[in-house]
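This structure is a prediction, so every number in the text was calculated from the model and none was measured. In this chain, residues are counted from 1 in sequence order.
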Amino acid sequence: MKPIRTLAMYLPQFHEVPENSAWWGEGYTEWTAVKNAVPYFSGHNQPVVPLNENYYNLLSKDTMVWQAGLAKKYGIDGFCFYHYWFGKDRKILEKPAENLLKWKDINLPFCFDWDPQTWARTWSKLGNPWADKFEQKADRRREQENGILIQQDFGDETYWKKHFDYLLSFFQDDRYIRIDGKPIFIFHRTRMFPCLERMAAYWRKLAAKAGLPGLYLIGLGVPNRAMDAVIYPMDYGKSSLISDRKSLQRIPGTLLEGADYDDVWKYFLTVPPSSGQRTLWLGVVSYDDSPRRGEQGEVYLHVSPAKFQHYFGQLMRKSREAGNPFVFINAWNEWGEGMKLEPDVKTGYGYLEAVRDVVRTDTDELPAIDPGEVEKGRQSYVENLEYQAERNQKFYFLFRDWMRCKREGKSLARYFRERGWKKIAIYGYGRHGIEFFQDLQGQNDVKVSYLIDARKDAMDGKTPLAVFRPEEELPLCDAVVVSVIDEYDSILKILQERINMPIVSLAEVVTMTAEK
């Protein structure tokens, strides 16, 4: 059995760049969020302080020398740098990797994970909440615009060649991580690459022309036939690609949502691999994004180095038995989201020692996954797939009928006119809620009176109407329209106990308007 390599995700955000200073305040780095974190409940481990208050600068060679030595000592075989590339040649946070390329004397294996998201302000329709707590420090000259900070544009082959040419010098470096001589490259969130298949084929041609034996391309999130392998990530954050939302609960006395560390790991460890593609695994050290997102964040509860060692041991055993070349850890240094192996004041080197002990242990001595847990996980996974299938079907029919209404010039206001409803409220001001609100604009006889959303505090001053939390006293209106399509049943039950108004789903409004 070939030895398996342990790779840690690496965030190159710990140095100043002009863009971050303009967006979030002069001198902003990830450390700004970390230092300004506050505890929101009893036992909440914030702020997390680096051991010896080592608030390092990633542009310092001494920092990278220290990190490389620490990684080697504790069994981390390489770093997977997050890579940010936009359009034809716009890049950001690229200097740490470029410096490493120049510093040939630093023995640090590395590779790239290209995160393609458009960067946007927290109140943008595009989401991507980069640093919610620091929105008030941002440059407000763009306030009337759509909130986009850096727009992603995948372009065509001229764009892809420019990008590949930039990457080539990294691929040719002796320290770059390979499989069978092929440099590996990860496409983060494969679903976000509309041209992934064509881009991958073109890059493979360019690699051959450059004298490389090929590329080993890995997609993160969902399998894709253009990739050589897929990474399944452990559930973390609101944008998780493998999500078991039932595990999230509101932490009493806060707006934070919490998930039990044991529950999330147990679910992740029993997720079956892809049936048609080599499946690699990305485990998470911990999670707490409140330094970035304040009370709109999420937190793993009951976390400890000992628990991480146990579950990472199970993940290592699973990966070794599958014959995988890598196992991934999230992350080496995501301090602003609580995912980090680097030492801190409270846990010392605990998480690094956990990795070291696991990688040094023979496979048959590592903890095995309980067969009963495997069966429970399989059932949960199937239930989740069924839920996603039902959800996607609902969204498909909603989209189909809504497009039909637009094509035929039918306003959704017709549904309310037929019932004599003139004042309505919208529950959920997300993507569908915003579109629904805009659809009703200009209708003199049907008005939206107010909005209902659990995220009221985060939306304050950023919506066209007053916002109420679901548990608040709601003003009287003719009807409440629930725009959260996949949660209508549960929302209906909650609201029926509190209000005496008709509560209808947006799907009903759209479908019945389309059929008229």
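Judged by distance alone, with hydrogens and angles left aside, the side-chain atoms of K346 form no donor-acceptor pair with the main-chain N or O of V48 at under 3.5 Å. The backbone N or O of Y82 sits nowhere less than 3.5 Å from a side-chain atom of W114 that would complete a donor-acceptor pair. Of the possible donor and acceptor atoms, one in the side chain of Y261 sits under 3.5 Å from a partner among the backbone N and O of V285. A donor-acceptor pair under 3.5 Å is formed between the side chain of Q152 and the backbone N or O of P116. Distance alone, capped at 3.5 Å, places no donor-acceptor pair between the S286 side chain and the M339 backbone. Without hydrogens or angle criteria, T279 side chain to S274 main chain gives a donor-acceptor distance under 3.5 Å. In this structure, the side chain of R293 engages the main chain of Q296 through a donor-acceptor pair within 3.5 Å. T270 places a side-chain N or O within 3.5 Å of a backbone atom of K266 that can act as its donor or acceptor partner. Checking side-chain atoms of S21 against main-chain N and O of G27 turns up a donor-acceptor pair under 3.5 Å. Formation of a donor-acceptor pair under 3.5 Å by the N52 side chain with backbone atoms of N54 is not found in this model.
Taking each heavy atom of L217 and A200 in turn, the nearest pair found is CD1-CB, 3.7 Å. Scanning both residues, P96 and L58, for their nearest heavy atoms gives CG-CB, 4.0 Å. In terms of heavy-atom proximity, G219 sits nearest to T190 at CA-CG2, 3.1 Å. Nearest approach of V222 to R191, heavy atoms of both residues: CG2-CG, 3.5 Å. Summarising the geometry of H302 relative to D262, their closest heavy-atom pair is O-OD2, 4.5 Å, with the distance given to 0.1 Å. Of all the heavy atoms in A68 and N107, the pair that sits closest is CB-O, 4.3 Å.
D113 and H188 form a side-chain donor-acceptor contact under 3.5 Å, judged by distance and modelled atom types alone. Counting only N and O atoms by type, the side chains of R320 and T363 include a donor and acceptor under 3.5 Å apart. Side-chain polar atoms of Q277 and N224 form no donor-acceptor pair below 3.5 angstrom. Looking at Y300 and D260, their side chains never bring a donor and an acceptor atom within 3.5 Å of each other. Judged purely by distance below 3.5 Å, without hydrogens or angles, the side chains of D89 and H163 never pair a donor atom with an acceptor atom. For the residue pair Y287 and D289, a side-chain donor N or O sits within less than 3.5 Å of a side-chain acceptor on the partner. A side-chain donor from one of Q67 and E342 sits under 3.5 Å from a side-chain acceptor of the other. Side-chain contact check for E383 and Q379: no donor-acceptor pair (N or O, by modelled atom type) lies under 3.5 Å. In this structure, a donor-acceptor pair under 3.5 Å is absent between the side chains of N333 and Q13. Counted by atom type alone, Y267 and E373 present zero donor-acceptor pairs between their side chains at under 3.5 Å. A side-chain donor from one of S290 and D288 sits under 3.5 Å from a side-chain acceptor of the other. Counted by atom type alone, D344 and T347 present one or more donor-acceptor pairs between their side chains at under 3.5 Å.
With sequence neighbours left out, I491 forms a side-chain contact (heavy atoms from CB on, under 4.5 Å) with Y427, V482, V484, E487, L495. When the side-chain contact (heavy atoms from CB on, under 4.5 Å) test is applied to K102, the partners found at least two apart in sequence or on another chain are N99.
Salt bridge present: D173 and R175 bring a charged side-chain N and a carboxylate O closer than 4.0 Å. Under the 4.0 Å criterion applied to side-chain N and carboxylate O atoms, K182 and D180 are not assigned as salt-bridge partners. Residues D153 and R90 are not paired through a salt bridge, judged by the lack of any N-O separation under 4.0 Å between the basic side chain and the carboxylate. Salt bridge annotation for E295-R455: absent, with no cationic side-chain nitrogen under 4.0 angstrom from a carboxylate oxygen. By the 4.0 Å N-to-carboxylate-O rule, E472 lies close enough to K456 to be salt-bridged with it. For the pair R204 and D228, the salt-bridge criterion is met [side-chain N within less than 4.0 Å of a carboxylate O]. A salt bridge links R292 with E30: the closest approach of a Lys/Arg side-chain nitrogen to an acidic carboxylate oxygen falls below 4.0 angstrom. With salt bridges taken as basic N to acidic carboxylate O contacts below 4.0 Å, one links D486 and R391.
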After noting the C-alpha distance and the side-chain angles of T118 and Q151, does the key distance pass the side-chain hydrogen bond (donor to acceptor under 3.5 Å, both in side chains) rule? CA-CA 5 Å; T118 287; Q151 175 70 57; 3.3 Å; yes
Candidate pair L101 and E98, rule side-chain contact (heavy atoms from CB on, under 4.5 Å), full reasoning: CA-CA 5 Å; L101 187 65; E98 290 181 354; 5.5 Å; no
Could you walk me through whether I485 and F395 pass the side-chain contact (heavy atoms from CB on, under 4.5 Å) test, one step at a time? CA-CA 8 Å; I485 306 302; F395 287 156; 3.5 Å; yes
Check the pair R469 / D453 against salt bridge (Lys or Arg N to Asp or Glu O under 4.0 Å), numbers first and verdict last. CA-CA 5 Å; R469 293 193 194 91; D453 202 299; over 6 Å; no
Under the criterion ring-ring contact (aromatic ring centres under 6.0 Å, His included), I'd like the reasoning laid out for F170 against Y176: C-alpha separation, chi angles, the key distance, then a yes or no. CA-CA 7 Å; F170 294 95; Y176 198 87; 7.6 Å; no
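Separation of the F326 and W281 ring centroids does not fall under the 6.0 Å cut-off. Ring pair Y10/F81: centre-to-centre distance below 6.0 Å. Aromatic ring centroids of F187 and F193 lie under 6.0 Å apart. Taking the ring centroids of W335 and W31, they lie under the 6.0 Å cut-off. A centroid separation of less than 6.0 Å is found between the aromatic rings of F185 and W203. Remark: aromatic rings of F154 and W160 are distant, center separation not under 6.0 Å. With ring centers used as reference points, Y84 lies under 6.0 Å from W119.
Counting only heavy atoms from C-beta outward, the side chains of F312 and K307 never approach each other to under 4.5 Å. F86 has its side chain within reach of I92: a pair of non-hydrogen atoms, C-beta onward, lies under 4.5 Å apart. Counting only heavy atoms from C-beta outward, the side chains of M234 and W265 approach each other to under 4.5 Å. No side-chain heavy atom of I177 sits less than 4.5 Å from a side-chain heavy atom of Y216. Counting heavy atoms from C-beta outward, Y74 and V355 have side chains that stay 4.5 Å or more apart.
In this structure, K340 is not positioned above the aromatic face of W332 in the sense of NZ or CZ being under 6.0 Å from the six-membered ring centre and within 45° of the axis. A cation-pi geometry, defined here as NZ or CZ lying under 6.0 Å from the six-membered ring centre and within 45° of its normal, holds between K35 and Y55.
Note: F110 and F112 have perpendicular aromatic rings, judged against thresholds of 30 and 60 degrees for the angle between ring planes.
Within the structure, side-chain hydrogen bond (donor to acceptor under 3.5 Å, both in side chains) pairs that include any residue of residues 348-361 do not occur (at least two apart or interchain).
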